[in-house]
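Start at 1 and go down the list; that is how both ligands and their atoms are numbered.
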Amino acid sequence: MKNITLITLTPPKLSTEHIQQKISCIRGHRERIFQVFAEEHSGKKIFHNYGQGGAGLTFLFGCVEESIKQFEKYCSAKNISKNNPICVIGAGCYGLLTACTLAYKGYNVKIVAKQTENLPSHNGAGFFFPRHRRSSTPEEIKEYQLHSMASFIAYQKVINGQHPFIARGPCLLPAYYDLSINPGLEPFIKKGLLPEPKKVRITFGGSTIHEVMHYQILFINAHQLMEELETARKNFNIPIEQRTIQSFDELEEAIIFNCAGLGARQLANDNLVNPVQGHLIALYNQPKPEELNYLLNVKAPVDHARGIEPHKLIYFTPKGQGLLGITFLRGKKALQTNEHEFEKMLTRAQAFFGY
Ligand SMILES: Cc1cc2nc3c(=O)[nH]c(=O)nc-3n(C[C@H](O)[C@H](O)[C@H](O)COP(=O)(O)OP(=O)(O)OC[C@H]3O[C@@H](n4cnc5c(N)ncnc54)[C@H](O)[C@@H]3O)c2cc1C
């Protein structure tokens, strides 16, 4: 234990005057795996892209590239011209990136969205988390790996200033994970895209020391990414209509991209899409940004006296002045506000940082 490097980190400040906003937000999580496929529907061609749940920022570029590849194959098979009107449903990161990529390629595209503000796409914590599920089949694992690798390469382009219309959002940062958590980075480490992880000890200045795995990972600042996409949408003159669609038949366009997130459950009649609620706390009045430039994905030390249950997660990312998380509430619970989760989250974070 003594031979393992000890790293001293600055802790975020967590008392009441350091709490800016309590956020609860619902992910559109599809059981097994997300959906990126095309189908015919009453004479229309629908390109579905939904269900990425709590890892949508991770798979974003890969899934959008795949969806547009399917569309371009269809266009060349059917000899469809670039002037043909296309409608994208959704103004989250999937809808915006799809619409902007189509416009960049010269297609005639518009967006229809129920909501444009305070979406899961704005609220994402920002971990690049390419891990497949425990029950994934070899085919599903291949799909997770394919789309996360394509996304990683696209995020690298953004970092290197080589993306045609996105300049901000991702960066590489140190991240400390609980030893029992596998972030799914092996393929990236094997290819030399990320360094080998190291076991280290971290402390926040007090007597509490945690043994963790030190990775270098992609952090995706969802606010910055959404600002970039919204600016690109305006620059490409892509119109956006605020409206709720109950059925694809309501749209006059014959080519539709379904990027409706949780809304895809009803639109695509896909009962495998389920709500998973997440709680986050945005912090402010914090130490200097360069002191909090790290990520944590750890488990709270169990303390029954303080009401800390086993296996409960703590996320920290440097989004804004600092973001604390997280919960994954499923079933009926996902649709209630669950205010008590914020207190529980703060208690376990305080225990972890040694307050
Ligand atoms: C708390 C939390 C933490 C997260 N952390 C991470 C993370 O660390 N790493 C990571 O990779 N990902 C993370 N994510 C996941 C990621 O943020 C989402 O997967 C991603 O933003 C989904 O984008 P989207 O465009 O598909 O959906 P959304 O952002 O939900 O957008 C859906 C759009 O469709 C519109 N819409 C829906 N139904 C209809 C309809 N019927 N008619 C018209 N419009 C409709 C909505 O109004 C909206 O504009 C997190 C998400 C949450 C909530």
### Message
Whether the H48 and E39 side chains hold a donor-acceptor pair (N or O, under 3.5 Å, no angle test) is what I'd like checked.
### Response
yes

### Task
Report yes or no: does a heavy atom of T116 sit under 4.0 Å from some atom of ligand 1?
no

### Task
Give yes if a backbone or side-chain nitrogen or oxygen of Y94 is under 3.5 Å from a nitrogen or oxygen of ligand 1, and no if not.
yes

### Query
Once the angle between the rings of H122 and H223 is folded into 0 to 90°, is it parallel (under 30°), tilted (30 to 60°) or perpendicular (over 60°)?
tilted

#### Entry: Plane angle bin for F353 and F204 - parallel if under 30°, tilted between 30 and 60°, otherwise perpendicular
perpendicular

### Query
What is the nearest protein non-hydrogen atom to atom 9 (N) of ligand 1, stated with its residue, atom name and distance?
F127 O, 2.7 Å

### Message
Could you check whether N338 and Q277, counting side-chain N and O atoms only, form a donor-acceptor pair closer than 3.5 Å?
### Response
yes

### Message
With nothing but distance in play, are any N or O atoms of C93 less than 3.5 Å from an N or O of ligand 1?
### Response
yes

### Task
Applying salt bridge (charged side-chain N to carboxylate O under 4.0 Å, His left out), run through K312 and E341 and close with a yes or a no.
CA-CA 11 Å; K312 287 288 176 182; E341 291 294 342; 5.5 Å; no

### Query
Closest heavy-atom contact between I159 and P170?
CG1-O, 3.6 Å

### Query
Is a side-chain donor-acceptor pair under 3.5 Å present for H41 with D249?
yes

### Message
Could you identify the single nearest non-hydrogen protein atom to atom 41 (N) of ligand 1 and state the distance to 0.1 Å?
### Response
I245 O, 2.8 Å

### Task
Considering the heavy atoms of C259, write down every atom of ligand 1 situated less than 4.0 Å from one of them.
32 (C), 33 (C), 34 (O)

### Query
Do the charged groups of E66 and K69 touch, with an N to O distance under 4.0 Å?
yes

### Task
Scan side-chain atoms only and decide if D178 and N297 contain a donor-acceptor pair under the 3.5 Å cut-off.
no

### Task
Would you check the N or O atoms of L280, main chain and side chain alike, for any that come under 3.5 Å of an N or O of ligand 1?
no

### Task
Would you mind checking if E230 and R233 are paired as a salt bridge, meaning a charged N to carboxylate O distance below 4.0 Å?
yes

#### Entry: Atoms in ligand 1 with a heavy atom of G126 nearer than 4.0 Å
7 (C), 8 (O)

#### Entry: Shortest heavy-atom approach to atom 35 (C) of ligand 1 - which of G56, A222, G90, S24
G90

### Task
Within a distance under 4.0 Å of any heavy atom of K114, pick out the atoms of ligand 1 and give their elements.
43 (C), 44 (N), 45 (C), 47 (O)

### Query
What protein heavy atom sits nearest atom 21 (O) of ligand 1, and how far off is it?
S121 OG, 2.9 Å

#### Entry: Geometric class of the Y294/Y176 ring pair [parallel <30°, tilted 30-60°, perpendicular >60°]
perpendicular

### Task
State if T244 counts as touching ligand 1 under the rule of any non-hydrogen atom under 4.0 Å.
yes

### Query
Got an N/O contact under 3.5 Å between T58 and ligand 1?
yes

### Message
I need the nearest protein heavy-atom contact for atom 19 (O) of ligand 1: residue, atom name and distance, please.
### Response
G53 O, 2.5 Å

### Task
Check if G28 has a non-hydrogen atom at a distance under 4.0 Å from any atom of ligand 1.
no

### Query
Taking 4.0 angstrom as the limit, do R32 and E143 come out as a salt bridge?
no

### K344 with E309: basic N within carboxylate O range, under 4.0 Å
yes

### Query
For ligand 1, which atoms, with element, lie under 4.0 Å from some heavy atom of Q115?
47 (O), 48 (C), 49 (O)

### Query
Any heavy atom of R243 sitting closer than 4.0 Å to ligand 1?
yes

### Query
Which atoms of ligand 1 are found less than 4.0 Å from any heavy atom of A91?
33 (C), 48 (C), 49 (O)

### Task
On the 0 to 90° scale, with breaks at 30° and 60°, tag the Y177-Y215 ring pair as parallel, tilted or perpendicular.
perpendicular

#### Entry: Distance-only N or O hit between ligand 1 and N123, under 3.5 Å
no

### Query
Nearest to atom 38 (N) of ligand 1, what protein heavy atom do you find, and at what distance?
G263 CA, 3.4 Å

### Message
Evaluate A113 for polar contact with ligand 1, using N/O atom pairs at a separation under 3.5 Å.
### Response
no

### Message
How far is atom 13 (C) of ligand 1 from the closest protein heavy atom, and which atom is that?
### Response
G54 O, 3.0 Å

### Task
Run the numbers for me: atoms of ligand 1, each under 4.0 Å from some heavy atom of C25, listed by number.
53 (C)

### Task
Decide if atom OH of Y104 counts as having more than 12 heavy atoms of other residues, nucleotides or ligands within a radius under 6.0 Å.
no

### Message
Under 4.0 Å from a heavy atom of I89: which atoms of ligand 1 are those, numbered in the order shown and with their elements?
### Response
43 (C), 44 (N)

### Task
Would you mind checking which non-hydrogen protein atom is closest to atom 27 (O) of ligand 1, with the distance to 0.1 Å?
G261 CA, 3.8 Å

### K198 side chain to T5 side chain, donor-acceptor N/O pair below 3.5 angstrom
no

### Task
May I ask which of P275, G124, G278 has a heavy atom nearer to atom 50 (C) of ligand 1 than the others do?
G124

### Query
What's the shortest distance from atom 3 (C) of ligand 1 to any protein heavy atom, and which residue and atom give it?
A125 N, 3.6 Å

